[in-house]
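Presented below is the structure to which this report refers.
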Amino acid sequence: MRNDIERVLIDEAVIEKRLDAMAMEIARDFPEETLVVIILLKGALVFAADLLRRVPRVLEIECLNVASYHGGTESTGKVDFLDRHFPAVRGRQVLLLDDILDTGRTLHAVHERLRDEGAAAVRTGVLLAKDKTRAVDVTAEYVGFVVGDEFVVGYGLDYLGRYRNLPYVGVLKAAVIECPRTGQPDTAESVNL
Ligand code: IMP
Ligand code: MG
């Protein structure tokens with residue numbers, strides 16, 4: 001797997017140190033009532049597991065399957081809610097977690113839905129935020145790291161479903177993107193969460 005990586009952007013030790021600080025910010029900011037954490041699958045899985053074990057608060061965990069990337073490295077702009085049921089958030093304090101803030105469309109759509117479902121307050125945390133102009137107006141209260149506007153993998157982030165288990169964030173070699181190991185063409189047909 002390491003052979004497919006052009007360069008490491010953020011190594012494991014640096015991520016862990018940052019998660020310690022983010023967890024303290026979260027514990028400080030939320031009122032003393034049980035919060036509901038919503039993890040956007042699959043990208044936020046690794047980040048959320050490591051972050052939440054550092055948050056010294058009573059909380060409940062919910063997961064949401066939202067498809068916003070349809071294969072490859074480009075966003076299509078369309079956000080689909082794939083679960084039959086939406087978590088019960090009416091009147092609740094919500095922490096929404098995603099892997100990366102890119103165009104912002106995903107977090108914007110989920111934020112709107114949480115508001116429609118009656119959440120009392122929603123704060124958002126992302127491991128990464130791309131340094132670019134968002135397609136929609138959305139911000140995250142907790143940002144692990146700001147990265148350049150390039151495609152990254154690792155620590156939950158994938159390319160064609162792979163590389164999520166890399167313990168660091170890195171950039172793939174161009175050759176891997178041009179000719180993925182899946183043997184499948186990089187088309188818009190596979191829904192890539
Ligand atoms: P959005 O464009 O902000 O809606 O981001 C949608 C989703 O695209 C994120 O939750 C990620 O799953 C995925 N994504 C965006 N940028 C990257 C990247 O650089 N690498 C891997 N996945 C990405
Ligand atoms: Mg993804």
Side-chain angles (χ1 to χ4, degrees), residues 1-2 4-11 15 22 37-51 62-83 94-115 122-178 180-182 184 186-193:
M1 229 177 6
R2 181 66 181 87
D4 293 354
I5 300 300
E6 174 74 43
R7 63 186 195 282
V8 175
L9 281 185
I10 313 165
D11 74 28
I15 295 173
M22 288 173 87
V37 182
I38 298 196
I39 300 170
L40 297 191
L41 296 177
K42 302 168 191 166
L45 194 61
V46 177
F47 161 56
D50 285 350
L51 176 71
E62 298 283 354
C63 295
L64 264 190
N65 284 283
V66 180
S68 52
Y69 242 60
H70 294 249
T73 60
E74 295 296 324
S75 168
T76 61
K78 191 171 174 298
V79 178
D80 293 324
F81 288 85
L82 304 178
D83 301 300
V94 175
L95 173 64
L96 172 62
L97 296 178
D98 201 4
D99 51 1
I100 189 165
L101 185 53
D102 183 17
T103 64
R105 288 190 180 102
T106 305
L107 285 173
H108 181 73
V110 179
H111 216 281
E112 296 255 288
R113 179 73 188 266
L114 286 165
R115 206 193 49 202
V122 181
R123 293 180 180 84
T124 301
V126 290
L127 176 67
L128 307 172
K130 283 193 183 170
D131 187 12
K132 68 193 283 188
T133 308
R134 312 270 172 245
V136 290
D137 182 22
V138 64
T139 49
E141 283 77 11
Y142 313 102
V143 175
F145 303 91
V146 175
V147 294
D149 188 12
E150 61 186 335
F151 193 79
V152 296
V153 294
Y155 222 85
L157 292 113
D158 73 301
Y159 175 59
L160 297 178
R162 301 188 173 188
Y163 307 101
R164 295 190 197 276
N165 59 323
L166 284 174
Y168 49 80
V169 174
V171 178
L172 280 176
K173 289 178 179 163
V176 176
I177 291 180
E178 282 150 24
R181 280 168 187 262
T182 56
Q184 293 163 357
D186 181 7
T187 67
E189 266 144 44
S190 59
V191 174
N192 175 19
L193 298 169

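Model, not experiment: these values are computed from the prediction. For ligands, and for the atoms within them, numbers begin at 1 and follow the listed sequence.
- Taking a cut-off of under 4.0 Å to the non-hydrogen atoms of Thr106, the atoms of ligand 1 that pass are 1 (P), 4 (O), 5 (O), 6 (C).
- Of all atoms in ligand 1, listed by their number and element, those nearer than 4.0 Å to a heavy atom of Asp99 are 9 (C), 10 (O), 11 (C), 12 (O).
- Applying the 4.0 Å criterion to heavy atoms of Thr103 picks out, from ligand 1, the atoms 1 (P), 2 (O), 3 (O), 4 (O).
- Proximity of a side-chain donor or acceptor of Tyr159 to a complementary backbone N or O of Ile177 within less than 3.5 Å is detected.
- Around CG of Asp137, the count of heavy atoms belonging to other residues, nucleotides or ligands within 6.0 Å does not exceed 12.
- By the 4.0 Å N-to-carboxylate-O rule, Asp99 lies too far from Lys42 to be salt-bridged with it.
- With sequence neighbours excluded, no residue forms a side-chain hydrogen bond (donor to acceptor under 3.5 Å, both in side chains) with Tyr168.
- Comparing Val152, Leu128, Leu157 against atom 20 (N) of ligand 1, the shortest heavy-atom distance belongs to Val152.
- In this structure, Arg134 contributes its side chain and Asp102 its backbone to a donor-acceptor pair below 3.5 Å.
- For ligand 1, the atoms lying closer than 4.0 Å to a non-hydrogen atom of Glu150 are 19 (O).
- Proximity to Asp158 (heavy-atom distance under 4.0 Å) selects the following atoms of ligand 1: 21 (C).
- Nearest-heavy-atom check against atom 17 (C) of ligand 1 across His108, Lys132, Lys130 picks out Lys130.
- Close approach of ligand 1 to Asp102 is summarised as follows: ligand atoms under 4.0 Å from at least one heavy atom of the residue are 1 (P), 2 (O), 3 (O), 5 (O), 15 (C), 16 (N).
- Residues passing the side-chain hydrogen bond (donor to acceptor under 3.5 Å, both in side chains) test with Asn165, sequence neighbours excluded: none.
- Taking every heavy atom of Arg105 and a limit of under 4.0 angstrom, the matching atoms of ligand 1 come to 3 (O), 4 (O).
- For ligand 1, the atoms lying closer than 4.0 Å to a non-hydrogen atom of Asp98 are 10 (O).
- Here the straight-line distance linking atom CG of Leu157 with atom CZ of Phe151 works out to 7.5 Å at 0.5 Å rounding.
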